[in-house]
Amino acid sequence: MRYFLKKLLAFSVIPLIIIISLTIIYIVLDPFKILYSYDDYSHHYLDLNRDYISTETFIKKNPQYYYNSFIFGSSRSVAYNPDTWKKYLPEDASPFSFDAFNENLFGVYHKLIFLDSQNIDIKNSLIFVDPNYTFLGIKKYNDYIYRKHPVLLGNSFCEWFDFHFSSSKAYFTPQFLVMYFEKLYSQTKEKQGEIKSGPTIDPITNWQSRQDLELQIKTDSVRFYQSSYFIKRDSHNTVPIYQLIKTDKQKNMLLSIRNIFRKHRTNYKIIINPMYYQQKLDENDIQVLINIFGKENVYDFSGKNSLTESKGNYYEDSHFRIHVGDGIINFIYQDNK
Amino acid sequence: MLFNSISFLVFFFIVFIVYWFVLNKSLKKQNIFLAICSYYFYACWDWRFMFLLAFSTFLDFFSGLQIYKCDSKASKRTWLIISVCINLGLLAFFKYYNFFIESFADLLRLIGLTPHMSTLNIILPVGISFYTFHGLSYVFDIYYGKIRPTTNWINYTLFVCFFPLLVAGPIERATHLLPQVQKKREFKYSKAVDGLKQVLWGFFKKIVIADNCAKLVDTIFANYDTCTSSTLVLGAILFAIQIYGDFSGYSDIALGTARLLGFELLLNFRFPYFSRDIAEFWRRWHISLSSWFKDYLYIPLGGSRGGMAKTIRNTFIIFLVSGFWHGANWTFLFWGGLNALFIMPSIVFKTNRKNLDTVAEGKLLPSFKELCQVVLTFILASFAWIFFRAENISKAFDYIGNIFSKSLFQMPTHSSGTIILFIIIFMVIEWFGRENKYGIEKFGNKWVKPVRWGFYYAILICIWYFADGEEQQFIYFQF
């Protein structure tokens, strides 16, 4: 038996050396930026967990900036500039983009519960709804990039363990490691003065924008749109979205969100995003939103319209540009005047 | 808790250490510990069905004792019937209730009636087909006088619920496993190394071969109406490889794991795709199930001793029942019937016991005749697998119908060079290992240690590379 274990240990030496080396690299370089605190998450060479970044930034900077105006939504929040929004808010407004990748109702709900529990004054709020998945599921994601910050889910040891376990599991895959070391290498070769690729994150408002893509479009829009990812719109990808708000759990979450807004006397808007494939949020779902939040607070930009017609309003077939977001905010607030 | 999961690796590591280091001096404690671990393993699937497993275990344990105690044949038969009826009744309820209701409703609709029959939302307990047959083999063996019942309920519980074979076999026999449970197990270095190697090979088959084939197979079968014929042929071949890699991979992990704990389980696969005829194929595929049906159904029905007509009838019965055992769908019945048809010529012409040795035994390559036989047998098996994989009979026939078109000679539209390369490497290794218990049992044994270990590292790297964090269920867990 001892001989067997000795042989097993001898066989394991090389794999153990590799695992330990990779673990040291993980701890030192912190590829997902979740082990240590950072002031700036911009231009990272990997896709980071946006929910984690948003929550960490809020926790770190709220004592300094006293955020009271919140943008909730998915990665499509790259189009919504908090500074544009601030023009329409009272002077004491301190906006914060509290978005996350693939944000769904579950995520928005838990963020508001968290803010309320922290006695944050939620004076203003924008919730951006994506017709194709905001109401698709109400469970938390398990992928490391979409996982919720543990503090939003009760801050228990299990949640923290799951969070870090899923990240390290993602790290210790050959596909990720190959990609990671390639990106590390290419990053060291980046020249000084070159515009860095990847999202820019405002250190105060946490607004994640694609200034790099805007610059590319400005420099050579033809080339940009030739290489950008757009599938031709046809009957296969412009399929209608059927009613998604069907369960009591979803409706209860929406009611809880409204109640939090009422408690804080929040000035809020629910905006349904314009999708490149022109999917329209189901009328029944829109009606549910109107019934809960009031017709004056719900704005529908989904479906076929002037925003969704033009390719030039999008970076690729999923995310629309900043001028579209500005236009939507201007429309909503000027409409109210 | 899937075998191919980190949680199982942690679980087994703890079991192994406690079993050999802490409890090795007491057989009783080892058995109790393994039984508890096995129930924990099962509870990880669904704790509610632990009680069903316990009930089935108690039923067969008690029935076995009663059968042995009874003096008259009639009483023995009564207890046997009670055990068989309750066991098969439970199996029928959980597995086939909805199937019978829906089929009966379809039949009524065919004759113009509109029945209002509701199906139940029944969850199929994992492994029920396996542990039911496991327990029944014990009861039958006592009835036929092959063994005496055990009075030690812990030993019997372990025999039924031993975690390596609990959810997907092999379907053990009391005559084979129970003595091992009752006897002290000694740790043997060579056995442990062999067990580890078999586990490694099992993971390779499952994660590298089967799971990669599955991705393509799922796409092809889901879009068969738009695929070229050559793609459909590729899909059928890949499914044949997938189901072999998946199921025999699971069996290798089960056997290797058991060997690490000092147990020898029944061999379940003996390189079936190197068979020269369908009869040989069925002597090499899912051996524990085929031999169970042979011993407890075919032979009691008369086997081949009642003339050709009876032999043909009995052969059809066991293949149909075997098909039905796999699941509540007409496709499985059709698959079973098709295999019965394939085997008929060899039964009629009495050539079904011709190829009892291994193809090209002792040689490097098969003869041309053997090669043709192996390829033809593979084609027949793959053809039948189409019915096994398809959602329903109509789609299976559509799939087959679409194969016969001009696009048979075009390049497949869905393909992967990487998977095909790995399949070739895999089949070559299996070919060289065809006279052994599993592919790499003796592969590289004569190499120097660094090269041999390099080979094992290469397998580990392949497993790690293709594992991709998503734990894919084994196909036979659904049975």
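So that the names make sense, note that chain A is the first sequence line, chain B the second, and so on, each numbered from 1. The figures that follow rest on heavy atoms only: side chains count, while hydrogens, waters and symmetry mates do not.
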Proximal component of A:Y144, with respect to chain B [non-hydrogen, under 4.5 Å]:
neither

Taking atom NZ of A:K251 as the centre, does the number of heavy atoms from other residues, nucleotides or ligands within less than 6.0 Å exceed 12?
yes

More than 12 heavy atoms of other residues, nucleotides or ligands under 6.0 Å from CH2 of B:W47: is that the case?
no

Is B:Y40 atom OH crowded by more than 12 heavy atoms from other residues, nucleotides or ligands, each under 6.0 Å away?
no

Using a cut-off of 6.0 Å, state whether more than 12 heavy atoms not belonging to A:F157 lie near its atom CZ.
no

Spacing of OG1 belonging to A:T173 relative to CZ belonging to B:F466, to within rounding of 0.5 Å:
13.0 Å

So do the side chains of B:L196 and A:L8 get within less than 4.5 Å of each other, counting heavy atoms only?
yes

Can you measure from NZ (A:K7) to NZ (B:K449) and round to the nearest 0.5 angstrom?
3.0 Å

Is it the case that over 12 heavy atoms from other parts of the model lie below 6.0 angstrom from the NZ atom of B:K184?
yes

Neighbour count >12 (heavy atoms, 6.0 Å) for atom CD, B:E391
no

Give me the ring orientation class for A:F11 and B:Y457: parallel if the planes are under 30° apart, tilted from 30 to 60°, perpendicular past 60°.
parallel

Rounded to the nearest 0.5 Å, what separation is found between the CD1 atom of A:I14 and the CH2 atom of B:W453?
8.0 Å

Can you list the residues of residues 11-21 of chain B that sit under 4.5 Å from chain A, counting heavy atoms only?
B:F16, B:W20, B:F21

Counting heavy atoms not belonging to B:K188, are there more than 12 under 6.0 Å from its NZ?
no

Could you give the distance from CZ (A:F4) to OH (B:Y189), rounded to the nearest 0.5 Å?
8.0 Å

